[in-house]
Amino acid sequence: MASAFRLQCHCILIFLAALKGETRYLEARGAGEDEPFLLLSADLKRELSGRQLYHRALRCIDMLSVEGQFTFTAEQPQLHCAAFFIGDPEELITIDYDFVHIDCQGGDFLKVFDGWILKGEKFPSSLDHPLPTSERYIDFCESGNIRRSIRSSQNVAMIFFRIHEPGNGFTFTIKKNANLFPCNVISQTPTGTFTMVIPHQHRNCSFSIIYPVVIKISDLILGHLNSLHFKKPSTGCAGVGDFVELLGGTGLDPSKMFPLADLCQSFHGSAQMKIGCDNTVLRMVSSGKHINRVSFEYHQLDQYELENRKENSIEEFCFPSI
């Protein structure tokens with residue numbers, strides 16, 4: 001089950017034990033820099049909360065989950081750099097440029113992407129994000145002072161940058177803002193609980209867990225009554241305006257993942273599924289005619305469950321079983 005995708009994604013999640021790696025293909029054409037990731041513990045997050053603004057240097061390849069001010073100064077040409085930002089599910093991320101000294105005419109760039117890009121795949125997918133892909137990129141060299149404060153649409157965002165001249169660089173401040181109705185989320189941890197609510201909005205929302213997991217849905221409220229199906233070519237929730245689907249795959253983009261099951265019926269109780277994929281996504285499709293809600297919990301499959309997943313499973317992609 002070890003795959004390049006899972007190893008890369010594990011490297012850019014916050015609460016894993018000391019991992020070290022590289023991020024390749026930050027864009028479809030880019031290659032990563034071999035730099036250690038910053039891995040912040042829950043204790044450090046608690047220690048920083050309520051104190052004065054946190055400051056530190058930014059690495060060429062970095063991961064940030066706390067508020068603070070971060071400075072990058074090139075000591076040598078740095079051509080393929082990125083910083084990934086992640087908050088709690090109920091948070092949005094604001095990036096404020098405090099100081100920028102780069103040579104746009106000389107080939108430097110500094111761009112914010114609203115979401116994450118990894119190995120050419122985007123989260124949220126183009127189907128689930130409120131903006132077209134072209135508007136999700138904010139290029140400092142094009143916007144300058146016009147866009148010195150940028151807010152994400154979900155709990156993840158990133159910057160990628162290229163600096164040729166030693167001594168050039170930039171400083172930015174990360175802030176977090178409450179999101180009353182979180183939609184697209186990447187989980188920081190392999191275990192958790194979450195309730196997704198879409199209140200009369202025509203949109204699709206995905207909750208991504210970059211681990212093989214057991215996911216248990218305890219409450220689902222939709223605007224109509226239908227049924228629960230395992231997907232086959234002739235079945236599913238096609239044509240239904242409001243439903244939840246479970247997806248599995250080896251990439252980051254939900255639109256490129258394999259549909260495992262559709263849930264089209266409101267219920268109170270329990271629907272559990274084991275999904276042995278590198279990435280598991282619960283995705284709610286909403287017509288905007290109703291208030292839709294789903295509550296669920298999840299935990300990572302242990303090694304025994306992974307090794308024996310074929311014993312109690314249907315023959316589907318990533319071996320889902322109930």
Side-chain angles (χ1 to χ4, degrees), residues 86-87 89-93 113-118 120-137 151-157 179-187 192 194-210 213 215 217 219-231 235-267 271 273 275 277 279-296 298 317-318 320:
I86 188 167
E90 299 85 3
E91 293 178 331
L92 301 175
I93 296 167
F113 182 73
D114 190 6
W116 276 4
I117 300 177
L118 188 64
E121 295 199 4
K122 300 184 295 291
F123 183 90
S125 74
S126 299
L127 297 178
D128 295 347
H129 199 279
L131 297 175
T133 299
S134 60
E135 295 182 23
R136 294 170 68 179
Y137 293 89
R151 179 176 292 186
S152 70
S153 303
Q154 60 287 310
N155 78 319
V156 293
N179 184 7
L180 295 179
F181 295 103
C183 181
N184 294 303
V185 173
I186 291 181
S187 176
F194 190 72
T195 296
M196 181 184 294
V197 180
I198 306 182
H200 292 294
Q201 294 176 333
H202 180 44
R203 64 188 307 192
N204 307 325
C205 297
S206 293
F207 191 96
S208 177
I209 312 161
I210 309 178
V213 296
I215 186 166
I217 299 174
D219 189 52
L220 177 62
I221 299 175
L222 299 169
H224 55 80
L225 298 178
N226 280 300
S227 58
L228 165 66
H229 306 277
F230 283 104
K231 271 206 162 184
T235 64
C237 296
V240 176
D242 303 87
F243 63 94
V244 166
E245 60 180 350
L246 292 174
L247 308 169
T250 58
L252 195 64
D253 191 329
S255 68
K256 299 179 181 180
M257 298 172 70
F258 194 90
L260 301 174
D262 284 349
L263 295 90
C264 314
Q265 180 180 12
S266 299
F267 67 86
M273 193 173 195
I275 303 176
C277 294
N279 190 8
T280 300
V281 167
L282 182 146
R283 181 172 181 262
M284 176 177 279
V285 176
S286 179
S287 66
K289 298 178 181 179
H290 313 283
I291 299 176
N292 294 323
R293 169 177 171 168
V294 59
S295 297
F296 57 95
Y298 53 95
F317 191 72
C318 293

> Sequence neighbours excluded, which residues qualify as ring-ring contact (aromatic ring centres under 6.0 Å, His included) partners of Phe207?
Replying inline: Phe194, Phe296, Tyr298

> Quick one: side-chain hydrogen bond (donor to acceptor under 3.5 Å, both in side chains) partners of Asn184, sequence neighbours excluded?
Replying inline: none

> Are the side chains of Ile117 and Tyr137 in touch, meaning some heavy atoms are under 4.5 Å apart?
Replying inline: yes

>> So, using side chain to side chain contact (heavy atoms under 4.5 Å, CB included) as the criterion, who are the partners of Arg293 when residues are at least two apart?
In response: Thr195, Val197, Asp219, Ile221, Ser295

> Residues in side chain to side chain contact (heavy atoms under 4.5 Å, CB included) with Phe267, at least two apart?
Replying inline: Ile217, Leu220, Leu263, Ala271

>> Nearest 0.5 Å, please: how far is CD1 in Ile198 from CG in Asn204?
In response: 7.0 Å

> How long is the span from the SG atom in Cys264 to the CD atom in Glu245, to the nearest 0.5 Å?
Replying inline: 9.5 Å

> Sequence neighbours excluded, which residues qualify as side chain to side chain contact (heavy atoms under 4.5 Å, CB included) partners of Lys256?
Replying inline: Glu121, Asp253

> Mind checking what makes side-chain hydrogen bond (donor to acceptor under 3.5 Å, both in side chains) contact with Arg203, not counting sequence neighbours?
Replying inline: Gln201

>> Quick one, Thr250 with Asn279, criterion side-chain hydrogen bond (donor to acceptor under 3.5 Å, both in side chains). Give me CA distance, side-chain angles, the key distance, then yes/no.
In response: CA-CA 6 Å; Thr250 58; Asn279 190 8; over 6 Å; no

> Among all residues two or more places apart in sequence or in another chain, which pass the side-chain hydrogen bond (donor to acceptor under 3.5 Å, both in side chains) test with Ser206?
Replying inline: Asp128

> So which of His129, Arg151, Lys122 actually passes side-chain hydrogen bond (donor to acceptor under 3.5 Å, both in side chains) with Asp114?
Replying inline: His129

>> Is it the case that over 12 heavy atoms from other parts of the model lie below 6.0 angstrom from the NE2 atom of His202?
In response: no

> Taking only residues two or more places apart in sequence, or in another chain, which ones meet Glu91 in a side-chain hydrogen bond (donor to acceptor under 3.5 Å, both in side chains)?
Replying inline: none

